[in-house]
Student: 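Take a look at this one; I'll ask things after.
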Amino acid sequence: QAARYNAPKISQAGRKRLTWHRYRHYFTPGAHSFMSKKNALYAQSGGVTAVINASACGVIETAKQHPQSIGKVYAGNNGILGVLREELIDVSRETPKSIAGLRHTPSAAFGSCRYKLKNIDEHQAEYERLIAVFKAHNIGYFFYNGGGDSADTCLKISQLSETMGYPIQAIHVPKTVDNDLPFTDNCPGFGSVAKYVAISTKEAALDVKSMCETSTKVFILEVMGRHAGWIAAAGGLAGKQPGDAPHIILFPEIPFKKREFLKKVRQCVSDYGYCVIVVSEGAAFANGKFLAEAGTRDAFGHAQLGGVA
């Protein structure tokens, strides 16, 4: 098991030698002969998507295709918390059939968590604990499957591990339904949610339309998307002809104007008998205040949203 690890101080010259050593080890053909192969660790983070286990399958199967570089493949039990607690699952012992089955397995097969590592300058011990666990289990490759905060964690681990003399190849595996990760055109997880929202919008619109004469005339569907309106836009796939729902889509990128919004709602009810609205949870006024801000914070420190209707 990993003991508490105190980071050694490395000179500037030493860092340069370490960087060159790391470069040779990971990128020079045949360079692995002077260093024993390392193990890999995979962990899931944040809310699960319909395809997060498919990403796990891809990582594990690909790692097994490189036995000259990667030894065992571990998975963190309940994400990064499992790594901090040294609760690692040896997936190398699983059959190829079991790993392939992850492609069609819902939820998070190894467990996930909403846990954001604290600021590295103020809580370096937490990061040092991770490096100690990596070192104890000969882990040289860390695959973290999550959103933007997970990508930031990978960067910090990579930087700190090198200064501590045990360089880790920390690789971010994109996962978010919001489709808001930089340099990722179509993030795994978004497609499934886009289909779900489009179908839900269509089904709800049919119900409202059939009863609008004597019942509900305005229906609001709130969807995820704090700063990106991709999911809200997917609701637009429900409409094929002019006048089809949704009649209004509110995006987080476009400031909300109450007067214009209400005017449009009244016009839709007058023209079609009902109005269906798809609104992103991140819809906000021009001053940046969210329509749905609840006044609390989530586990990652973000404003808690919900209840925009």
Side-chain angles (χ1 to χ4, degrees), residues 1-2 37-67 69-117 126 129-130 133-134 136-154 157-158 168-181 184 186-197 224 231 298-300:
Q1 290 187 335
K37 59 185 177 184
K38 297 289 186 179
N39 297 324
L41 172 63
Y42 167 84
Q44 297 174 324
S45 173
V48 300
T49 71
V51 296
I52 189 172
N53 288 329
S55 295
C57 175
V59 169
I60 296 169
E61 288 185 339
T62 303
K64 287 187 173 183
Q65 292 173 9
H66 299 276
S69 304
I70 301 176
K72 293 182 178 181
V73 181
Y74 295 103
N77 183 38
N78 294 322
I80 200 72
L81 285 177
V83 183
L84 288 167
R85 296 167 181 168
E86 209 164 352
E87 298 173 357
L88 308 183
I89 303 168
D90 186 357
V91 298
S92 301
R93 302 172 64 179
E94 299 295 330
T95 65
K97 183 178 181 180
S98 295
I99 298 303
L102 289 171
R103 297 193 193 108
H104 309 290
T105 302
S107 188
F110 307 108
S112 184
C113 67
R114 286 193 177 278
Y115 183 80
K116 183 176 181 179
L117 293 174
E126 195 169 43
R129 167 61 179 170
L130 288 176
V133 173
F134 292 152
H137 295 275
N138 194 34
I139 294 168
Y141 308 91
F142 177 49
F143 298 89
Y144 203 22
N145 200 172
D149 288 320
S150 302
D152 180 62
T153 296
C154 282
I157 288 176
S158 177
I168 298 291
Q169 287 290 298
I171 301 165
H172 177 238
V173 182
K175 178 240 55 166
T176 178
V177 297
D178 296 346
N179 201 39
D180 60 352
L181 297 180
T184 306
N186 291 282
C187 185
F190 168 66
S192 304
V193 170
K195 176 184 177 183
Y196 176 83
V197 168
M224 295 183 71
I231 298 179
D298 63 17
F300 290 102

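This chain uses plain numbering: 1 for the first residue, then up along the sequence.
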Student: For S92, what residues pass the side chain to side chain donor-acceptor pair (under 3.5 Å) criterion, not counting sequence neighbours?
Tutor: D90
Student: Quick one: CD1 on I168 to CD1 on I139, what's the gap to the nearest 0.5 Å?
Tutor: 7.5 Å
Student: How about F110 and V91: do any of their side-chain heavy atoms sit closer than 4.5 Å?
Tutor: yes
Student: Compare all side-chain heavy atoms of C113 with those of I80 and state whether any distance is below 4.5 angstrom.
Tutor: yes
Student: Taking ring-ring contact (aromatic ring centres under 6.0 Å, His included) as the test, write out the residues that go with F142, two or more places apart.
Tutor: F134, Y144
Student: Please give me the minimum heavy-atom distance between A136 and E86, naming the atom from each residue.
Tutor: CB-OE2, 4.3 Å
Student: For the atom pair CG (N138) and NZ (K72), what is the distance rounded to the nearest 0.5 Å?
Tutor: 10.0 Å
Student: Going by the salt bridge (charged side-chain N to carboxylate O under 4.0 Å, His left out) test, which pairs reach into residues 51-61, not counting sequence neighbours?
Tutor: E61-R103
Student: Any side-chain heavy-atom pair from M224 and V177 closer than 4.5 angstrom?
Tutor: yes
Student: Going by the rule side chain to side chain donor-acceptor pair (under 3.5 Å), which residues pair with E94 if we only count those two or more places apart in sequence or in a different chain?
Tutor: none
Student: Could you tell me which non-hydrogen atom of G76 sits nearest to which non-hydrogen atom of L88, and how far apart they are?
Tutor: CA-CD2, 4.4 Å
Student: Of the non-hydrogen atoms in N39 and I70, which two are nearest, and what is the gap between them?
Tutor: C-CG2, 4.5 Å
Student: Return the CD1 to CG distance between I60 and L102, rounded to the nearest 0.5 Å.
Tutor: 5.5 Å
Student: If you round to the nearest 0.5 Å, how far is NZ of K37 from OH of Y141?
Tutor: 10.5 Å
Student: Do you know which two heavy atoms are closest between S45 and S150, and how far apart they sit?
Tutor: OG-OG, 3.1 Å
Student: Once side chain to side chain donor-acceptor pair (under 3.5 Å) is applied, do any residues pair with D180, and if so which ones, sequence neighbours excluded?
Tutor: none
Student: Between the main-chain N or O of D152 and the side-chain N or O of H172, is there a donor-acceptor pair closer than 3.5 Å?
Tutor: no
Student: Tell me the closest heavy-atom pair linking G148 and L181, and the distance in Å.
Tutor: N-CD2, 3.4 Å
Student: Enumerate, atom names and distances included, each donor-acceptor pair closer than 3.5 Å involving a side-chain atom of residues 47-59, sequence neighbours excluded.
Tutor:
{"unit_1": "T49", "atom_1": "OG1", "unit_2": "V51", "atom_2": "N", "d": "3.2"}
{"unit_1": "T49", "atom_1": "OG1", "unit_2": "I52", "atom_2": "N", "d": "3.1"}
{"unit_1": "N53", "atom_1": "OD1", "unit_2": "Q44", "atom_2": "NE2", "d": "3.1"}
{"unit_1": "N53", "atom_1": "OD1", "unit_2": "A109", "atom_2": "N", "d": "2.9"}
{"unit_1": "N53", "atom_1": "ND2", "unit_2": "T105", "atom_2": "O", "d": "2.8"}
{"unit_1": "N53", "atom_1": "ND2", "unit_2": "P106", "atom_2": "O", "d": "3.1"}
{"unit_1": "N53", "atom_1": "ND2", "unit_2": "S107", "atom_2": "O", "d": "2.8"}

Student: Which distance, rounded to the nearest 0.5 Å, do you find between the CG of N145 and the CD1 of I171?
Tutor: 12.0 Å
Student: State whether the side chain of S112 and the backbone N or O of G46 hold a donor-acceptor pair below 3.5 Å, judged by distance alone.
Tutor: yes
Student: Using 0.5 Å steps for rounding, measure from the OG1 atom of T153 to the CG atom of L117.
Tutor: 4.5 Å
Student: Find out whether L41 and H137 are in side-chain contact, i.e. whether some heavy atom of one side chain is under 4.5 Å from a heavy atom of the other.
Tutor: no
